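In each ligand, atom 1 is the first atom listed, and ligand 1 is the first ligand listed. All values reported here derive from a predicted model rather than from experimental measurement.
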Amino acid sequence: MCGIVGILGTSPATPRILESLKRLEYRGYDSAGIATIEDGKLDRRRAPGKLGALEDALKASALSGNSGIGHTRWATHGEPTEANAHPHMTHRVAIVHNGIIENFRPLKEELLGKGITFEGETDTEVVARLLTSYLDEGMPPRDAFHKTLTRLVGAFALCVLISGEDDLMFGAREGSPLVVGFGEGENYLGSDAMALASLSNRLIYLEEGDWAELTHAKVQVFDPAGNPVERPTTISQVAATMVDKGNHRHFMQKEIFEQPTVVAQALGRYLDPNAGKVRLPQMPFELATVPKVTLVACGTSFYAAQVARYWIEKLARVPAEVDIASEFRYREPVYMHGGLAIFISQSGETADTLAALRHAKAAGQRVAALVNVMGSTMAREADVVLPIHAGAEIGVASTKAFTCQLSVLAAFAIDLAAAKGQIDETQEAAFVEELETTPKLMAQVLHHDEDIAKIARSIAHARDVLFVGRGIHFPIAMEGALKLKEISYIHAEGYAAGELKHGPIALIDENVPVIGIAPEDDLIDKTVSNLQEIMARQGKVILLSDGAEKEAEGMYAHLSMPSAGELVTPILYAIPVQLLAYYAAVEKGTDVDQPRNLAKSVTVE
Ligand code: M6R
């Protein structure tokens, strides 16, 4: 993972790099560092912890120079100490790296054998020492950098400064994204358009294997063999303004409360309420010819995929399979001719999901990317892009992206059902009308904020919490458990309610809160019976439902939800589980927006 940025500039680099690193902190925040070059001399500051620690280090000891590179780290090899923080420096080079150098061990052995010593444990230091060894042999910088790249196996995006070379910076991309930005007498490198948003909107997205040589005056891009290549320049739409928290204490809270607005925006792009129709972006194939849908994603996006499977199979009667992206290609999936594979990702950069997308594309599947970040690698590589229009999501815990994903997937399922002739125009119009009610009902759920906060405070000190649901609400139970564990560090699991008695019920005692997700539907009686079984064993049941009023009487707590159909309820029930996690985390005093060990964008496998 990690975020990297490079500025070959004409005004002090450090504050500008810090500004870019703030935009990149979503890629990791275990440590941060900056190196600059001035009068041919390299210098750096690094600090373990979040960017604030680096800012303090820079206040204590400023770093001058108009050109520099910066890094925000999500640790892969080596603990998040200062010694392992990037940039890695030798007497000749400073390097920042995003990715993993898979063959770092043999390379390290080789360098150790030559008497070269190492300071830290990172795979990146190997790159710095290898490049240094070639420069020390007398190779010109371009040759030394190219030769270094030919020795590396793995995923990497690199930015490199070389001592004595104030007008030179190298960048390379293999597996991890890297963007070149153009300025006036300046040029830049960054992990993504967001990193460069305050610097430039004229960008080149480097392709796999590309590397670039930057001077103040020009940028040359080369292919892996070292031949110059031309890449198209694009104009980024990413806004330069930093998103703020408004009146909210955390980004996560702001993003939860934005949901009625952004879901309305997303639905506005996909639904035509006057015509009673769904309008998907132009597809280069007929939906009616799709024999099977494969949905692939990670984390919260995976739970959105699981919900979508119910809609697709129930409404369109098209077989749908769902996979966790990190498992997908290793099980050698059986593709169906003409099959549609949908890759769901807020960031559009998740390494496993991207690798799965490439696998499906290489196998000739029709490939769609359902993403929030337009311009992301998945959006650029897919045959069709289904944007979710959630706006920038900053909190590491995904909230509004999830409900926007669900909204777009619900629209997709309706359109597929219509294309397949499973629903007629009247039914399509009824489904569109139903989906249109979502934002209003979401706002009603948010009015229960205080009640949910109270419940959350009562479970915040539990050791284990279970979430249970049936059918289309089983994935919401799993999403609730994921939210709770990732930001409050409480152990939580989501189960199909009927599965509890096959083992997990052994966990139940008076200390275990169980959140029951039970909308008034065909399955409510069965779910409520399962909750009664938990109560019979002293479990502390918290019911989220628009029904079961009578049964709720003996329960620990009951949150009364608005009634809706199955196209809407998974979206509505996402909100209380998000708020439970949020308020439990606030009660525990954890870092809600940047929980430990995580990053917003997971660009390593
Ligand atoms: O950007 P993506 O949607 O591909 O990210 C997938 C997961 O990493 C992400 O949903 C993660 O599970 C969130 N932290 C959950 O809140």
Side-chain donor-acceptor pair present, K483, T300, cut-off under 3.5 Å: yes
Atoms of ligand 1 close to S301 [distance to a heavy atom under 4.0 angstrom, numbered from 1]: 2 (P), 3 (O), 10 (O)
When the ring planes of Y335 and F328 are compared, do they come out parallel, tilted or perpendicular, using 30° and 60° as the limits? perpendicular
Residue and atom name of the nearest protein heavy atom (relative to atom 6 (C) of ligand 1), distance in Å to one decimal: C298 O, 3.3 Å
Does the side chain of E349 pick up a donor-acceptor pair with the side chain of S376 at under 3.5 Å? no
Judged by modelled atom types alone, do D464 and H491 share a side-chain donor-acceptor pair under 3.5 Å? yes
In terms of the angle between their ring planes, are H71 and H86 parallel, tilted or perpendicular, with boundaries placed at 30° and 60°? parallel
Compare every heavy atom of I459 with every heavy atom of I490, then report the nearest pair and how far apart it is. CD1-O, 3.8 Å
Can you tell me the protein heavy atom closest to atom 9 (C) of ligand 1 and the distance? T300 N, 4.1 Å
Of all the non-hydrogen atoms in the protein, which one sits nearest to atom 1 (O) of ligand 1, and at what distance? S347 OG, 2.7 Å
Does T350, backbone or side chain, put an N or O under 3.5 Å from an N or O of ligand 1? yes
Give the atom numbers and elements of ligand 1 that come within less than 4.0 Å of a heavy atom of S345. 1 (O), 2 (P), 3 (O), 4 (O)
So if I count the atoms of ligand 1 from 1 in the order they appear, which ones are less than 4.0 Å from some heavy atom of S398? 15 (C), 16 (O)
of all protein heavy atoms, closest to atom 8 (O) of ligand 1 is V602 CG2, 4.0 Å
Touching ligand 1 at all, A397? Heavy atoms, strictly under 4.0 Å? yes
Is a donor on one side and an acceptor on the other found under 3.5 Å between the side chain of Y582 and the backbone of A453? no
Contact (N/O only, under 3.5 Å) between K600 and ligand 1: no
Does any N/O atom on G299 come nearer than 3.5 Å to any N/O atom on ligand 1? no
Can you check whether T353 has an N/O within less than 3.5 Å of an N/O in ligand 1? no
Which bit of K483 gets closer than 4.0 Å to ligand 1, counting heavy atoms only: side chain, backbone, both or neither? side chain
Any idea which protein heavy atom is nearest atom 16 (O) of ligand 1, and the distance to it? E486 OE2, 2.3 Å
Quick one: do R331 and E321 make a salt bridge, cutoff under 4.0 Å? yes
Answer yes or no: is there a side-chain heavy-atom contact under 4.5 Å between W311 and I472? yes
